[in-house]
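Okay, so here's the structure we're looking at.
Note that the structure is predicted; figures quoted are calculated from it, not measured. Naming: A, B, ... by sequence-line order, numbering from 1 per chain.
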There are 2 protein chains.
Amino acid sequence: MTISARVHYATLALIELALRQPEKTPVAVREITRRHGIPGPFLVQILRTLRSAGWVQSVRGSQGGYRLAVEPADLTLLEIAEAVGCPESNCQTDATDTPANQMVHEVWDAASEASRAVLARTTLAEIAARTAEGDAVMFYI
Amino acid sequence: MTISARVHYATLALIELALRQPEKTPVAVREITRRHGIPGPFLVQILRTLRSAGWVQSVRGSQGGYRLAVEPADLTLLEIAEAVGCPESNCQTDATDTPANQMVHEVWDAASEASRAVLARTTLAEIAARTAEGDAVMFYI
DNA sequence: ACCATACTTGACTAATCGGATCAACTTTCT
DNA sequence: AGAAAGTTGATCCGATTAGTCAAGTATGGT
């Protein structure tokens, strides 16, 4: 499981937006980068992806920024990871389709499915709430 | 879950060796590459790693090759993947250790732990046996 | 003894990817 | 008008992966 910085940053940003959803003014990119130490224009690039996915809404002009466009409870970490991260773990069957090859593929698929299941059952709302509490949380395997 | 070709090839080679363990003569690299379409000298590089890990034994000279050095039932896919693949998913705590950061890290860790659990409970013996079955089936087609 | 076979070692190249940056432009608030 | 923000597209760098080469060494068969 590679936790590409891209996905990590995206999640951080979304948590920030989720926590500040009650505010009426949108949150500026600058603020998020300062808060979480995310390299400036890189976050912009990520937010662009999130926008075209429909998770966030951008407000231009002065006093502009970003705002969450969906319910945090409806957004799972899996969706975030897949939208922003690697371009789909393409499980195309190789040309050399020996039985050994198939077996190995099956195991890899099972493993990746297991980790995806964990991400699929964690919502943004959940992780944002826990962040707010500052609580130590146990995630069961 | 990235299934680096390195790990994939390593597993394929080990399956081959496991299946031919009863033979007295070691298996030549050339043969393995032909069977599974693995690029020649790349497999050598991988086998070197497997050797220094102690999983396989090399026999030099003519009639030489590789031979499994452990019981297939004692070797899990997790061990293989970690020995040959990425250099440990280094989960170093970032300098900016905000609560959000910690939360996100916890989820990633849980996810990666889930997939590792799958690999940890699959042994080489198991996957080799299943491959053998598949081979038998193919024989009749 | 000799030669073909096969592993050993170490360095080396090529392509891809993730991370990050820049510059020029548009929109909106005051 | 001017400052503050986001928008877009091009680009760059460094690390990692995949894959290669060549010179060397050991072994078995004849």
Notebook entry, point to check: How long is the line joining CD of A:Glu31 and P of D:dA5, in whole Å?
Noted result: 9 Å

Item checked: Qualifying residues under side-chain hydrogen bond (donor to acceptor under 3.5 Å, both in side chains), relative to B:Arg67, sequence neighbours excluded -> none

Next item on the list: Quick one: list whatever passes side-chain hydrogen bond (donor to acceptor under 3.5 Å, both in side chains) with A:Thr76, sequence neighbours left out.
Entry: A:Glu79

Item checked: Nucleic acid contacts of residues 47-57 of chain B, taken as heavy-atom distances under 4.0 Å to DNA chain C -> B:Arg48, B:Arg51

Check: Starting at OH of B:Tyr9 and ending at P of D:dA18, how long is that distance when rounded to a whole Å?
Finding: 8 Å

Notebook entry, point to check: Taking the side chain of B:Arg6 as heavy atoms from C-beta outward, which of D:dG6, C:dT21, D:dA18 is closest to it?
Noted result: D:dA18

Margin query: My understanding is that only residues two or more places apart in sequence, or in another chain, count here; which of them pass side-chain contact (heavy atoms from CB on, under 4.5 Å) with A:Val44?
Written below: A:Val29

Next item on the list: Would you give a per-nucleotide map of nucleotides 22-30 of chain C, 5' to 3', where B means the base has a protein non-hydrogen atom under 4.0 Å away, S means only the sugar-phosphate does, and - means neither?
Entry: ----BBBS-

Check: Between C:dC7, D:dA18, D:dA5, which one does the side chain of B:Ala28 approach most closely?
Finding: C:dC7

Checklist line | Sequence neighbours excluded - salt bridge (charged side-chain N to carboxylate O under 4.0 Å, His left out) pairs with any residue from residues 5-20 of chain A | finding: A:Glu16-A:Arg20, A:Glu16-A:Arg35, A:Arg20-A:Glu23, A:Arg20-A:Glu31

Check: Is B:Gly40 touching bases, backbone alone, or none of the nucleic acid, heavy atoms closer than 4.0 Å?
Finding: nothing

Check: Can you tell which of C:dC7, C:dT9, D:dG19 lies closest to the side chain of B:Val44?
Finding: C:dT9

